[in-house]
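Take a look at the structure below.
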Amino acid sequence: GESVGLHLPTLSVQEGDNSIINCAYSNSASDYFIWYKQESGKGPQFIIDIRSNMDKRQGQRVTVLLNKTVKHLSLQIAATQPGDSAVYFCAETVLNAGKSTFGDGTTLTVKP
Amino acid sequence: ETGVTQTPRHLVMGMTNKKSLKCEQHLGHNAMYWYKQSAKKPLELMFVYSLEERVENNSVPSRFSPECPNSSHLFLHLHTLQPEDSALYLCASSQEQGREKLFFGSGTQLSVL
């Protein structure tokens with residue numbers, strides 16, 4: 001249930017596996033990054049964020065990795081559960097400009 | 001609940017109708033946003049208000065008219081829309097404009113016939 005490096009529009013994993021969702025960002029000046037989760041019928045919800053002075057940040061069952069050299073962001077979900085099924089978006093922000101841009105989403109499907 | 005409430009949840013309108021979308025945030029935030037979400041496309045920022053002043057208008061057609069009467073309420077007035085305007089319209093808020101995570105409402109699913 002992993003796809004390292006490449007952004008995929010869809011990802012299907014088995015319950016209990018780890019998931020990796022990737023995002024390539026476009027602006028080398030971006031210095032703040034956020035992952036959002038959007039469940040069916042709802043708006044996007046904040047999962048985790050990271051600033052450019054860090055390369056890794058952990059939350060509850062989620063980890064975000066930032067590779068500024070190749071402008072790549074990933075979201076790792078440990079022990080994926082059916083409730084993790086959703087569309088996941090990354091957003092990049094240039095803090096001085098107050099400008100955010102959303103990436104293409106990845107639809108994660110968790111099979112029981 | 002995210003603290004951002006949008007009404008109505010669903011709206012069907014003809015091209016000659018006038019309707020309004022409403023957003024209310026209960027978080028004490030200073031910035032509010034309208035986004036458009038179409039199938040297979042990233043979220044598109046439409047308008048940004050900071051402290052009730054419009055600070056961004058991303059080349060949105062004039063048939064969309066925002067209004068922010070106070071820091072807790074945001075409206076999107078719709079007039080003479082086109083079928084390609086059918087989409088999910090999301091309202092969001094943040095403590096400070098452009099520098100923090102966004103709190104989104106559940107959106108209004110708009111269909112223009």
Side-chain angles (χ1 to χ4, degrees), chain A residues 7-11 21-27 29-54 57 59-60 62 64 66 71 73 75 86-108, chain B residues 1-10 21 23-25 27 29-51 53-59 74 87-110:
Chain A
H7 169 261
L8 299 174
T10 61
L11 178 64
I21 300 170
N22 298 301
C23 179
Y25 64 93
S26 57
N27 190 346
S30 293
D31 49 6
Y32 179 51
F33 305 87
I34 302 175
W35 279 102
Y36 291 92
K37 171 186 180 184
Q38 186 174 20
E39 297 176 87
S40 180
K42 296 183 179 180
Q45 288 186 291
F46 170 85
I47 303 174
I48 192 168
D49 57 2
I50 189 168
R51 295 185 185 266
S52 59
N53 60 351
M54 303 173 69
R57 192 163 188 223
Q60 188 176 17
V62 294
V64 55
L66 175 62
K71 293 190 288 188
L73 194 67
L75 177 70
V87 180
Y88 291 81
F89 298 94
C90 66
E92 59 179 300
T93 299
V94 179
L95 288 171
N96 282 345
K99 294 259 187 197
S100 295
T101 305
F102 281 81
D104 296 327
T106 294
T107 300
L108 175 66
Chain B
E1 288 298 324
T2 63
V4 180
T5 304
Q6 288 188 245
T7 55
R9 290 295 308 274
H10 302 273
L21 310 184
C23 176
E24 183 175 0
Q25 58 101 354
L27 301 168
H29 288 167
N30 292 322
M32 296 187 77
Y33 311 74
W34 280 117
Y35 280 89
K36 177 182 178 181
Q37 187 174 36
S38 304
K40 311 295 184 186
K41 294 174 69 174
L43 285 169
E44 300 172 53
L45 179 63
M46 300 175 72
F47 301 104
V48 182
Y49 278 82
S50 179
L51 297 172
E53 180 181 337
R54 191 191 310 180
V55 296
E56 191 158 344
N57 175 347
N58 273 0
S59 303
L74 186 66
L88 181 68
Y89 288 85
L90 290 162
C91 173
S93 71
S94 65
Q95 180 60 44
E96 189 181 345
Q97 182 249 326
R99 289 175 172 76
E100 303 199 7
K101 61 189 177 189
L102 299 174
F103 291 76
F104 285 88
S106 294
T108 295
Q109 186 65 54
L110 174 67

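In what follows, every heavy atom counts, from backbone to side chain, and hydrogens, waters and symmetry copies are set aside. All chains are named by letter (A, B, ...) in the order of the sequence lines, taking the proteins before the strands, and each is independently numbered beginning at 1.
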With only heavy atoms counted, which part of Ile34(A) is less than 4.5 Å from chain B, the side chain, the backbone, both or neither?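 Just the side chain, heavy atoms under 4.5 Å.
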Please flag which part of Glu39(A) lies under 4.5 Å from any non-hydrogen atom of chain B: side chain, backbone, both or neither.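 Neither the backbone nor the side chain of Glu39(A) comes within 4.5 Å of chain B.
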For Leu88(B), which atoms come within 4.5 Å of any heavy atom of chain A: side chain, backbone, both, or neither?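 The answer is the side chain of Leu88(B).
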Segment of Phe103(B) engaging chain A (4.5 angstrom heavy-atom cut-off):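 Contact with chain A is absent: no heavy atom of Phe103(B) under 4.5 Å.
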How long is the gap from OH on Tyr32(A) to NZ on Lys101(B), to the nearest 0.5 Å?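 It is 7.0 Å, given to the nearest 0.5 Å.
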Pro42(B) and Gly103(A): which non-hydrogen atoms are nearest, and at how many Å?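 That closest heavy-atom pairing would be CB-O, 3.8 Å.
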Of all of Val55(B), Leu102(B), Leu90(B), which one pairs up most often with chain A through heavy atoms under 4.5 Å apart?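 Most heavy-atom pairs under 4.5 Å with chain A: Leu102(B).
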Choice from Gln6(B), Glu100(B), Glu44(B) maximising heavy atom contacts with chain A below 4.5 Å: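 Most heavy-atom pairs under 4.5 Å with chain A: Glu100(B).
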Give the member of Ala97(A), Pro44(A), Ser100(A) that has the highest number of heavy-atom pairs under 4.5 Å with chain B.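 Looking at each option in turn, the highest pair count goes to Pro44(A).
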Note, Phe102(A) side chain near Gln37(B) side chain (heavy atom, < 4.5 Å):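 No, every pair of side-chain atoms sits at 4.5 Å or beyond.
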